[in-house]
4 protein chains.
Amino acid sequence: MVMEQPPPPARRGRRRSEESRMAILAAAFELVGEVGYADLTIEGIAARAGCGKQTIYRWWPSMAHVLLEALAAKADLYVTNADHGSYAADLRAFIGDSFRLGRGRLVADILCALMAQAQIDAEFGEVFRADFLRRRRDALQVVLDRAAARGDLPASPAPPVVLDIVFGALWYRLMATRQPLDDALADDLVTTLTTASGGTR
Amino acid sequence: MVMEQPPPPARRGRRRSEESRMAILAAAFELVGEVGYADLTIEGIAARAGCGKQTIYRWWPSMAHVLLEALAAKADLYVTNADHGSYAADLRAFIGDSFRLGRGRLVADILCALMAQAQIDAEFGEVFRADFLRRRRDALQVVLDRAAARGDLPASPAPPVVLDIVFGALWYRLMATRQPLDDALADDLVTTLTTASGGTR
Amino acid sequence: MVMEQPPPPARRGRRRSEESRMAILAAAFELVGEVGYADLTIEGIAARAGCGKQTIYRWWPSMAHVLLEALAAKADLYVTNADHGSYAADLRAFIGDSFRLGRGRLVADILCALMAQAQIDAEFGEVFRADFLRRRRDALQVVLDRAAARGDLPASPAPPVVLDIVFGALWYRLMATRQPLDDALADDLVTTLTTASGGTR
Amino acid sequence: MVMEQPPPPARRGRRRSEESRMAILAAAFELVGEVGYADLTIEGIAARAGCGKQTIYRWWPSMAHVLLEALAAKADLYVTNADHGSYAADLRAFIGDSFRLGRGRLVADILCALMAQAQIDAEFGEVFRADFLRRRRDALQVVLDRAAARGDLPASPAPPVVLDIVFGALWYRLMATRQPLDDALADDLVTTLTTASGGTR
DNA sequence: GGCTAATCGAGACGGTACGTCTCGTCTTGTT
DNA sequence: AACAAGACGAGACGTACCGTCTCGATTAGCC
């Protein structure tokens, strides 16, 4: 839990406009849907948001950072990992939730664009991996930890490989094959990952 | 069956310069290593290649297309899928070969950049998926077909899902975690995919 | 009568940089002297002025407009038409002043280039005729009006023809024969135009 | 009189195509009327003429040279200077003929464009002055010589100044004021130049 | 009838400037 | 201070022509 100092740091001058912040996030989200990531520009977002470009540069290092925040603000990206009683059930629920998110055209497009930008812009890559990808891995890791505690986890593959397989298949479908994230894939993943190749961890 | 006359191309005018083509591909490959994809420019490639910009625009729709061709020209991207006697051995060999390619820093960077560009530029995306990604899937599909013929293939996961898992894990490590494509991952993938969850296909 | 309020421009945002404006005019003037009008480029002027090309395009429609303003800023193009007591003396002074201007190699070259550009670029032609040629005609017209008021003006040629003859001879020497604008020509023009062919207007 | 060696140099190989030459001149003439001199290009002329660019570059140094030859081929630029019995009559006839030519919109536009090009391109300027402007001056000089022989020529202005005044007024109207070359101007010029300011030469 | 040579249409080549676009920064007056 | 506005230096974009350079196909003398 974050314990923010109740006395605000006694800042001087005008405070950051929450109105501008929201307008910028909304504008970014709208525009990426209208013109696509390739044609997104800072100038376009500022114009749509009715703000100056400087206001964007002052608070975000790049357009991708804006979009990442806009995505977080719009979509509830946080998948549940409640206890469903078994590794298979937990895994199925996690994958089902994740796939559901990726089935939205706009959200999927933005995710792909951000992953793309992470390859091209190293600074954003750091942030995207730490703030977004890492969080998703951690969420699934909780499921694996619970399974291990239960003695429910197959000996193979190793937990990090499970993460690579689940998220790998997800992202590969999004970016490479553009096939829908359907239940068949989800079921096959669960079956494959829960059918022990020998013992448990 | 189309019986195209090896038709007298009846070309008039000066022919395309093979020398320029090679110089451009080489320049693109060198520059992406020196300055990175983010700072690659058509002007830079033309200057390095000693050619006019128009010569690039005349033959390639975008910088990414140049890079894709340069990659194909430089790296032998075609992984073998010879018969090693069993599904497990075939799969292990295919994955091993694929990982070996992706361990080269430069090739890996270019692959990530091209996959990124495929997300941003729809036109290039088409080409990249059809000319590159599709070929790799087809190569692995041969392995699966051989295993099915042998009665060696587990009932689950379905073949397309096998492709998604293998390539998904590969690309996810390249782009998301940037963990090395090590033998542990390869071994775990083979184990997971060859340990039948029930019968064979 | 237009009574324009010196209205509070209420300008927002950064103002036009007078420093850039002067640097651009100076660069244009220098470069036309160094490389000639044929090899003058917007890029060259911007580089010499240390400004971006956009700053030129933002304020001038074409290179010729820049040069016209540069000329006006550098050379005092405005010939006096003070009263010397007689039509002949006024005319001689005006022609003498005009010729003196045209004797400068650089100014003459720029004038020829601008007149040339006025033939090729209709938009610039409008401006050049209205802002430059028209002013010079008006200045000489003042001399003719004063002569007419004095009863000093020959009946022929008609005033507009006087303008055509004086400026015609001047420009024709500059552009066609490239003969110097010498006193002999000035004297002959005055003699011819002041020797009445019958009465006064 | 040019005494060309009657025996042709015994050339070998294919001869210059008269067909192409005519097609190029015609294309240049048509295009300058359709798109204007500013948008005239060698490529456009070649395309219209159905010839290769090299065929133009082989025979003319620049587009302006083509246009000059096209003009000579289309318009009969040579004004008569037959003997009409008096200086005034000869001069009036010469000016009338010259003005008639300049009244054609297309011819006038081409003349202005060529004079413009002569200011910008020194090499063409040489040719234009020697081949075109000089010829016109020579033609009027014949009229002056005849008048001098007759004892018909006013003492002032000096003959070269007469040329400057006549052609100056003509070109100035074409290029600067764009006023029509009307009879009023012609009459005023004749009156002014034939009303002796004292004696004859 | 071959041979050699010059020209032809076609069109790719290395260059270069164009005018546009967007970047990220800087400078205004306002809030 | 932060804000909206908007000009600034910078520099890549993709296009348009430049003038040159192959190409194969003609078309002429000459042997």
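Please read all numbers here as calculations on a predicted model, not as lab measurements. Each chain gets a letter, A, B and so on, in the order the sequences are listed, and its residues count up from 1.
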> More than 12 heavy atoms of other residues, nucleotides or ligands under 6.0 Å from CD of Glu19(C): is that the case?
Replying inline: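 For Glu19(C), atom CD is not crowded (no more than 12 foreign heavy atoms under 6.0 Å).
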
>> With salt bridge (Lys or Arg N to Asp or Glu O under 4.0 Å) as the rule and sequence neighbours excluded, what pairs involving residues 29-38 of chain C come up?
In response: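 Applying salt bridge (Lys or Arg N to Asp or Glu O under 4.0 Å) to every pair that reaches into residues 29-38 of chain C, excluding sequence neighbours, yields Glu30(C)-Arg48(C), Glu34(C)-Arg48(C).
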
> With Ala23(D), which residues qualify under side chain to side chain contact (heavy atoms under 4.5 Å, CB included), at least two apart?
Replying inline: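 Side chain to side chain contact (heavy atoms under 4.5 Å, CB included) list for Ala23(D), sorted by chain: Ala49(D).
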
> Does Thr41(D) have any side chain to side chain contact (heavy atoms under 4.5 Å, CB included) partners at least two apart in sequence or in another chain, and if so, which?
Replying inline: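 Here the qualifying residues are Glu43(D).
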
Nearest whole Å is fine: how far is [N] [atom2] from [X] [atom1]?
{"X": "Arg15(B)", "N": "dG24(F)", "atom1": "CZ", "atom2": "C1'", "answer": "8 Å"}
{"X": "Glu19(D)", "N": "dT26(F)", "atom1": "CD", "atom2": "C1'", "answer": "13 Å"}
{"X": "Arg12(B)", "N": "dT7(E)", "atom1": "CZ", "atom2": "P", "answer": "19 Å"}
{"X": "Glu18(C)", "N": "dT27(E)", "atom1": "CD", "atom2": "C1'", "answer": "16 Å"}

>> According to side chain to side chain donor-acceptor pair (under 3.5 Å), who are the partners of Glu126(D), at least two apart in sequence or on a separate chain?
In response: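 Checked Glu126(D) against side chain to side chain donor-acceptor pair (under 3.5 Å); zero matches.
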
> Do Arg14(D) side-chain and dT26(F) base share a donor-acceptor contact under 3.5 Å?
Replying inline: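 When only heavy-atom distances are counted, Arg14(D) does reach the base of dT26(F) through a donor-acceptor pair under 3.5 Å.
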
> Do Leu67(B) and Phe29(B) come close enough that some side-chain heavy atom pair is under 4.5 Å?
Replying inline: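 No; the side chains remain at least 4.5 Å from each other.
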
>> Donor-acceptor check, side chain of Gln119(B) to backbone of Met115(B), threshold 3.5 angstrom: yes or no?
In response: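 Side chain of Gln119(B) to backbone of Met115(B), a donor-acceptor pair under 3.5 Å: yes, one is there.
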
> Which residues, if any, of residues 20-41 of chain C bring a heavy atom under 4.0 Å of DNA chain E?
Replying inline: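 Those residues are Thr41(C).
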
> Looking at Trp59(A), does the NZ or CZ of Arg21(A) lie under 6.0 angstrom from its six-membered ring centre and within 45 degrees of the ring axis?
Replying inline: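 Verdict for Trp59(A): no cation-pi partner in Arg21(A).
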
>> For DNA chain F, which residues of residues 42-60 of chain D approach it to below 4.0 angstrom with any heavy atom?
In response: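 Per residue number, the list reads Ile42(D), Glu43(D), Lys53(D), Gln54(D), Tyr57(D).
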
